[in-house]
Amino acid sequence: MDLNLTAEEAAFRDEVRAFIARELSPETRAKMILGREIGKKDIVDWQRKLNARGWAVPNWPVEYGGQGWSPMQEYLFQTEIEQAPAPASLPFNTSMVGPVIATFGSAEQKAKFLPATANLDIWWCQGFSEPGAGSDLAGLKTTARREGDVYVVNGQKTWTTMAQYADWIFMLVRTNPQAEKKQQGISFLLIDMKTPGITVRPIQLLDGGHEVNEVFFDEVKVPVENLVGEENRGWDYAKFLLGNERMGIARVGVSRQRLRRVRELAALERVGDETLLDQPWFREKLANTEIELKALEITQLRVVAEARKRGKHGQPDPNSSILKIRGSEIQQATTELMMDVVGPFVAPFPASIDDEDQTNDPPIGPDYAAAAGPTYFNWRKISIYGGSNEIQRNIIAKAILGF
Amino acid sequence: MDFDLNDDQRLIKESLGKLLSSRYGDFAKRDSYIKQQDGFDRAVWADYAEAGILALPLPEAHGGFGGGPVETMIVLEEIGAALAIEPYLTAIVLCCGLIVRGGSDAVKADILPKIASGAAIAALAQVERGSRFDLHDVSLAARKDGDHYVLEGEKSVVIGGGVADHFIVTARTSGQRRDLSGITLFLVDAKTPGVSRRAYPTQDGYQAAEISFGQVRVPAAQIIGTLDQGLPLLRRSVDEAIAGLCAEAVGAMAALTEMTIDYLKTRKQFGVAIGSFQALQHRAVDMQVQLEQARSMAIFATLSVDEEDAATRSTAVSAAKVQIGRAARFIGQTATQLHGGIGVTQEYKGGHYFKRLTMIDQMFGDSEHHLRLVAAAGGLLPAA
Ligand SMILES: Cc1cc2nc3c(=O)[nH]c(=O)nc-3n(C[C@H](O)[C@H](O)[C@H](O)COP(=O)(O)OP(=O)(O)OC[C@H]3O[C@@H](n4cnc5c(N)ncnc54)[C@H](O)[C@@H]3O)c2cc1C
């Protein structure tokens, strides 16, 4: 047993760190540190820099631009990006639809989509959830009926993250309403967002931001060549996709960066003649969260080590549900600590915080205060999406505890 | 022992409940009030005036109804349940409380009827950039100049500060920044030269303002309470406001808990109501347990407001604030989680309860702050 990185792993981490320090735009980094919303441009620019270095899609099969990294390298890479902090590469492209097309897509689909997906020339969004199908995803009702060489799609998706930027959407649709089990009648379709009959309606989240949407489909005609794999096998591809998604979900680097930041800011926050960081109760609270995070980090490394043994295409590890539960809870705890830091200045809600062309009004209170409340409210989503924490507990109960 | 409302109190509850449901029953209206210039709808304030709600806690001698802490509790619980955004707590409970207890007869005769009729609104300018939650941490300076004082300094996050006609300003008239004595309260007309403000919305739909006082001349007759000894008076009224805030939180928590239970009973996934999952039933039960414990402490705070001994009163109120803050956080977070995606949207009323509850925890000191106060006071149990 050894917790240290090998010399090669340490060298790899240093290389990644140096690359980020050199290439990440200071403006993007500053926005991320202040908790301001990063825009489409920040994400695209960063992903293209990674792509130029060959690092946009390290997890894909090597023939489509993957790096053949070990699970440990993937972990180190992600953690460095997170704690920089740099934007995460767009998960819809890199960890969701990309691997699905690379694994199950046709030769034409691979040629048409993979390079553009890696370079973010195509921005994808994920059309899985529906108003009536959230945790019970297989209950989805959006239909695709075959008419000659097109599918005609009707129905509604919701919670579609950043559909307002998206060029394409990957969808689960019902192609066989008569199937015996509801999982059996589902297919995986790729749809150009410019197709007539698609309407995108914004949903505002609690922090006032626009990151999710409803997407409506009214007689939308989709060429049959946009079906991925076989008709009615979409559920299998979706399970493969969701298994990929869960690996990075702990976001240890994100929490690490935020806890460092909390410590730094707490040393600036005046409490009487001392600082907040001088207060024993606050130090203990912060230390508690750091302890939880350390445990999560090592749990994650154990899952990574296990993944190395299973090989890349092994079954998803149900232990990754532990990572999702604790990872989301710890990220949320960092937002509570940040509210402790800003004290009374959590209240102001200046309309312009996320505005690109914001006015030059000075901030109210310290400049880092503006994001504390909105981030706290917004990050409640982390324990809801990607399989809610209750669903993760159900997975652990079944797959690990054998209930 | 008696936890029941009397007939008059029941009447207040019912009539205010009716008023609020006509104004806030359609939740979309709330957003339209928030978007108004003043940050709330003057017509609703006028309704309060007409219904006698503004005058409720004022002494009869000044045109009020002489309501006490229980009446305030009733009003704020209704306000909390309706998610109403008028600055009742700060303008009426807090500022009128200060004026009633510390204003000269002339000041009372001048201001209180205007406030009771809705013609004037007051706000407390107390928080400073570095004061955090300490009422006694005051830097804004007031220098004597003949029969006036000259105020110089800044105040932050003044709730209702954008619309206030009068400010009650905590100022340092002697001593050092954190001295307990040397703090004086001034009633300042918002139109006095040198007062400027920058109003902005708050996370929970209220409006607040940063107020700057640049060489603002205030007659000595406008002192509320006694020179240099403003702190005990301020504490007294802030304690009363905290008790009101606890009641407001209970109103909001009760409504949010009920909404969540209804949602669990109606939202279907996997072919059944999600409330049929025992894992979720227990979470709802925990919300209910927190709610009842919070309600008990809101009552405790309310019935401690008139306690003679200041230390006993403040510790009781702090204890309630701790319980309420924790319950508010638990209920707010759990309700959001149990709603799934809907819970984090602006369109859904539940999320606005969550936001208000979060700001209530932070107002006048968060649970962490008040926990420290209770601990420093030696806890709550009398020695055996
Ligand atoms: C900000 C955000 C972004 C999102 N982005 C996308 C996206 O880009 N694309 C996409 O397709 N989807 C997206 N989603 C949707 C997300 O995956 C769903 O919200 C999630 O699956 C939960 O579904 P629901 O909201 O319908 O809640 P519900 O499924 O109705 O759940 C309500 C509550 O019931 C609980 N529950 C449900 N079933 C059980 C059970 N069997 N046992 C115990 N508890 C249970 C849940 O945990 C939750 O607490 C996003 C959601 C959010 C909030």
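Below, chain A is the first sequence line, B the second, and so on; all start at residue 1.
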Q) For the side chain of Arg177(B) and the backbone of Gly272(A), is there at least one donor-acceptor N/O pair under 3.5 Å apart? A) yes

Q) So, the side chain of Arg270(A) versus the backbone of Gly130(B): is there a donor-acceptor pair under 3.5 Å, distance only? A) yes

Segment of [X] engaging chain B (4.5 angstrom heavy-atom cut-off):
X: Ala138(A); result: neither
X: Asp273(A); result: both
X: Pro366(A); result: both

For [X], look at atom [atom1] and say whether over 12 heavy atoms of other residues, nucleotides or ligands are found less than 6.0 Å away.
X: Lys141(A); atom1: NZ; value: no
X: Gln37(B); atom1: CD; value: no
X: Lys239(A); atom1: NZ; value: no

Most heavy-atom pairs under 4.5 angstrom with chain A, which of [options]?
options: Asp204(B), Thr336(B), Thr202(B), Leu280(B); result: Thr202(B)
options: Gln346(B), Gln203(B), Gln269(B); result: Gln203(B)
options: Val127(B), Asp134(B), Thr358(B); result: Thr358(B)
options: Glu210(B), Arg329(B), Met363(B); result: Arg329(B)
options: Ile159(B), Ile274(B), Val157(B); result: Val157(B)

Of all heavy-atom pairs between [X] and [Y], which one has the smallest distance, and what is that distance?
X: Phe133(B); Y: Gly343(A); value: CZ-CA, 3.8 Å
X: Val344(B); Y: Ile384(A); value: CG1-CD1, 4.2 Å
X: Ser388(A); Y: Gln337(B); value: CB-NE2, 4.2 Å
X: Phe270(B); Y: Ser135(A); value: CZ-O, 3.5 Å
X: His352(B); Y: Leu206(A); value: N-CD2, 4.5 Å
X: Arg283(B); Y: Glu390(A); value: NH1-OE2, 2.9 Å

Output the distance between atom [atom1] ([X]) and atom [atom2] ([Y]), rounded to the nearest 0.5 Å.
X: Arg380(A); Y: Thr334(B); atom1: CZ; atom2: OG1; value: 8.0 Å
X: Trp281(A); Y: Arg372(B); atom1: CH2; atom2: CZ; value: 6.0 Å
X: Gln279(A); Y: His369(B); atom1: CD; atom2: NE2; value: 11.0 Å
X: Phe349(A); Y: Gln207(B); atom1: CZ; atom2: CD; value: 14.0 Å
X: Tyr376(A); Y: Lys355(B); atom1: OH; atom2: NZ; value: 12.5 Å

Q: Test salt bridge (Lys or Arg N to Asp or Glu O under 4.0 Å) on Glu274(A) and Arg132(B) and set out the steps.
A: CA-CA 12 Å; Glu274(A) 303 175 325; Arg132(B) 207 168 160 89; over 6 Å; no

Q) Phe354(B) vs Phe377(A) aromatic rings, parallel, tilted or perpendicular, using cut-offs 30° and 60°? A) perpendicular

Counting heavy-atom pairs closer than 4.5 Å to chain B, which one of [options] comes out on top?
options: Asn378(A), Ile203(A), Val346(A), Asn394(A); value: Val346(A)
options: Gly139(A), Ala133(A), Ser383(A), Pro131(A); value: Ser383(A)
options: Gly134(A), Gly208(A), Ser129(A); value: Gly134(A)

Is any side-chain heavy atom of [X] closer than 4.5 Å to a side-chain heavy atom of [Y]?
X: Asp361(B); Y: Met339(A); value: no
X: Gln332(A); Y: Gln333(B); value: no
X: Arg129(B); Y: Pro344(A); value: no

Residue [X] versus chain A: region with a heavy atom under 4.5 Å:
X: Arg178(B); answer: side chain
X: Glu154(B); answer: neither
X: Leu371(B); answer: neither
X: Tyr200(B); answer: side chain

Q: Verify whether one side chain among Gln204(A) and Thr345(B) offers a donor that lies under 3.5 Å from an acceptor in the other.
A: no

